[in-house]
Amino acid sequence: MIRMVRWTIGVLLALALPLLNPNPYHVDVLTTALLYAILALGLNLIVGLTGLLHLGYAAFFAIGAYTYGLLNLHWHWPFWVGWLPAALTAGLFGVALGAPVLRVRGDYLAIVTLGFGEIVRITFTNLDRWTGGPNGLLGIAHPRVWLPGQGLVDFGVSSVPYYYLVAITTLVVAGLCVRLSRSRVGRAWVAIREDELAASCAGIPVLQLKLLAQGCGGAIAGLGGAIFAAKQGTITPDSFDFILSVMILAMVVLGGLGSIRGAIVGALLLGTLPELLRGFEQYRMLLFGLSMIVIMRLRPRGFFGGRALGRGRPRHVAAT
Amino acid sequence: MSRLLEIGQLTKRFGGVVALDEVSLSVDEGEIVGLIGPNGAGKTTLFNCVTGVLRPDHGVVQFGRTSQESLIGLAAHEVVQRGLARTFQNIRLFSSMSVLEHVIIGTYTRTHAGLWSAALLTREARREEQWARDRAMGLLEFVGLDQRADEVAGNLPFGLRRRLEIARALAADPSLLLLDEPAAGLNPTEKQSLLQLIAHLKDQGLSILLIEHDMQVVMPISHRVIVLDYGKKIADGPPNAIQADPLVIEAYLGKAPS
């Protein structure tokens with residue numbers, strides 16, 4: 001009951017924020033941080049619940065962004081339709097990447113996914129004919145809504161409508177993640193993370209569920225990508241670099257692996273911290289790095305986490 | 001009694017080491033079979049080959065109540081689906097999960113809820129979840145862990161972890177249970193209560209293949225005992241005959257000077 005009240009207050013506060021503080025810069029920073037929260041929620045399914053260390057997550061974000069961008073530029077798909085194929089394509093890539101790759105484990109998987117992330121970015125950079133190469137896609141349409149009395153209203157460049165779009169999406173995605181994590185599928189993911197052999201001998205089809213986790217995580221990033229493309233209007237390959245993958249991973253780890261609240265809190269913190277530190281000018285990133293170290297030193301399992309990164313790796317089968 | 005598990009000429013090599021050398025054995029329905037042998041005799045390798053954890057080099061594994069089906073080449077979860085569940089010698093639990101969740105995980109092959117029904121929280125999914133919960137609680141009661149259902153499994157004392165592993169395996173509703181040294185590391189009291197638990201399972205008609213070092217555990221409950229030594233089967237018969245078998249005594253104690 002108390003939890004319900006707390007959540008409701010939190011949600012209402014989040015929705016009222018642009019009204020309480022209409023500073024466009026603040027709203028924009030928060031919008032970006034919440035977009036990170038969507039990504040962190042998706043990566044949390046892969047790394048936090050299922051325990052697959054993924055270092056190329058930005059690739060799914062890119063695939064979603066480019067899918068919506070291309071559909072919009074070539075066939076004029078509106079955002080409200082285009083986000084779905086964007087999410088599905090990214091999810092499909094998650095599964096397609098997983099199929100050959102998930103037989104490798106732990107650190108090796110991390111290296112392979114890192115390669116995947118780079119390949120996707122480099123492919124978008126070099127497929128000039130379709131993706132505009134390093135210049136990216138220009139002129140992607142913003143979402144438009146029909147308002148009574150005003151007709152079709154373009155979201156435009158103001159951050160406020162995107163803030164609401166991203167905040168509501170974060171809520172929906174978080175809700176889905178909570179349900180999933182408490183379901184038969186979510187339990188099986190955690191079982192795989194804890195002990196793969198025991199999980200398979202308890203009847204869990206490990207490979208299939210790992211693919212499912214990659215697919216779900218990929219689809220969430222794809223959805224985030226579509227929103228990102230619609231907000232920016234322009235996407236270039238260097239928005240989806242390795243640093244982004246690492247930052248999202250840091251958000252998940254900082255919040256606590258496997259924790260849904262943690263993913264959101266981690267994303268909000270790491271998403272806003274560099275902006276909060278702007279006053280320190282050239283020392284900004286130094287302090288940012290330092291504060292990450294301090295947080296991990298004080299809370300090695302993250303804010304809400306029950307597990308440290310790298311623990312619970314598969315042990316080998318006794319051969320007697 | 002009808003045949004439940006039939007293993008023929010099962011062979012597994014690790015490099016130059018022959019862990020299993022043309023081993024043939026069978027388990028009938030309702031039977032408790034003890035599998036004994038010195039360390040390194042190939043007992044756990046046999047379990048791993050039967051349960052899809054390892055792939056044998058050659059040999060047959062046939063399993064089934066009414067019609068028999070080959071288990072060779074099946075993945076571990078497919079073996080469980082067909083009614084063959086196991087426990088591990090070095091207990092393997094999901095350390096962050098609660099006791100109850102472990103047993104619910106065990107019902108995985110007997111439940112169906114997928115991504116969509118979980119996301120939409122359909123009535124079907126909720127009913128199934130309740131069913132799995134009830135079944136898991138029932139099994140925890142059966143193994144005497146119902147009072148600790150909400151504890152984190154990692155906090156359980158050793159003896160209870162073994163019981164939890166058995167409950168998890170039972171949740172898959174197996175027709176044959178493979179227990180890998182269930183009494184290892186237990187104190188005499190715990191051993192006694194484990195024996196009682198196995199006796200209960202026996203009364204319910206469950207078939208069990210049991211690896212065990214402790215003769216006081218194997219001999220009284222087994223209908224039949226099979227002895228492995230250096231990957232070969234050296235004896236197969238009722239417990240009292242096994243205890244008197246000179247080959248078995250030699251394998252365990254060495255050859256008497258003549």
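Letters A, B, ... are given to chains in the order of the sequence lines, protein chains preceding strands, and every chain is numbered from 1.
- Both the backbone and the side chain of A113(B) come within contact range of chain A, each with at least one heavy atom under 4.5 Å from a heavy atom of that chain.
- Looking at C216(A), the atoms closer than 4.5 Å to chain B (heavy atoms on both sides) all sit in the side chain, from C-beta outward.
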Criterion side-chain contact (heavy atoms from CB on, under 4.5 Å) on F88(B) and D195(A), from CA distance to verdict: CA-CA 12 Å; F88(B) 295 90; D195(A) 189 328; over 6 Å; no
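- With values rounded to the nearest 0.5 angstrom, S117(B) atom OG is found 11.0 Å from R179(A) atom CZ.
- Put simply, the side chain of E194(A) never gets that close to the backbone of L93(B): no donor and acceptor are under 3.5 Å apart.
- With chain A as the partner, the residue from V17(B), T107(B), T111(B) showing the most heavy-atom pairs under 4.5 Å is T111(B).
- A salt bridge links E129(B) to R187(A): one of the charged nitrogens lies within less than 4.0 Å of a carboxylate oxygen.
- When I104(B), L84(B), V79(B), L20(B) are compared by the number of non-hydrogen pairs under 4.5 Å with chain A, I104(B) comes out ahead.
- Note: H112(B) leads E78(B), E165(B), R168(B), H112(B) in heavy-atom pairs under 4.5 Å with chain A.
- By the 6.0 Å contact criterion, CZ on F142(B) is enclosed, its count of non-hydrogen atoms from other residues, nucleotides or ligands being greater than 12.
- At a 4.5 Å heavy-atom cutoff, the contact between A119(B) and chain A is made by backbone and side-chain atoms alike.
- Taking OG of S183(A) as the reference point, atom CG of L115(B) lies at 7.5 Å (rounded to 0.5 Å).
- When all heavy atoms are compared, the tightest approach of V190(A) to S96(B) is CG1-OG, 4.3 Å.
- Atoms CG and SG, from L178(B) and C201(A) in turn, are 9.5 Å apart once rounded to the nearest 0.5 Å.
- Of all heavy-atom pairs between A118(B) and L180(A), the closest is CB-CD2, 4.0 Å.
- Not a single donor-acceptor pair under 3.5 Å links the side chain of R92(B) to the backbone N or O of L197(A).
- Among T51(B), T87(B), I105(B), the residue making the largest number of heavy-atom pairs under 4.5 Å with chain A is I105(B).
- Other residues, nucleotides and ligands contribute over 12 non-hydrogen atoms within 6.0 Å of the CZ atom of R126(B).
- Other residues, nucleotides and ligands contribute over 12 non-hydrogen atoms within 6.0 Å of the CZ atom of F94(B).
- Within a 6.0 Å sphere centred on OH of Y252(B), heavy atoms belonging to other residues, nucleotides or ligands number more than 12.
- Within a 6.0 Å sphere centred on CH2 of W7(A), other residues, nucleotides and ligands contribute 12 heavy atoms or fewer.
- Contact of I204(A) with chain B is made through backbone and side chain together, with heavy-atom distances under 4.5 Å.
- The candidate with the highest count of non-hydrogen atom pairs below 4.5 Å against chain A, out of A85(B), G106(B), S95(B), is S95(B).
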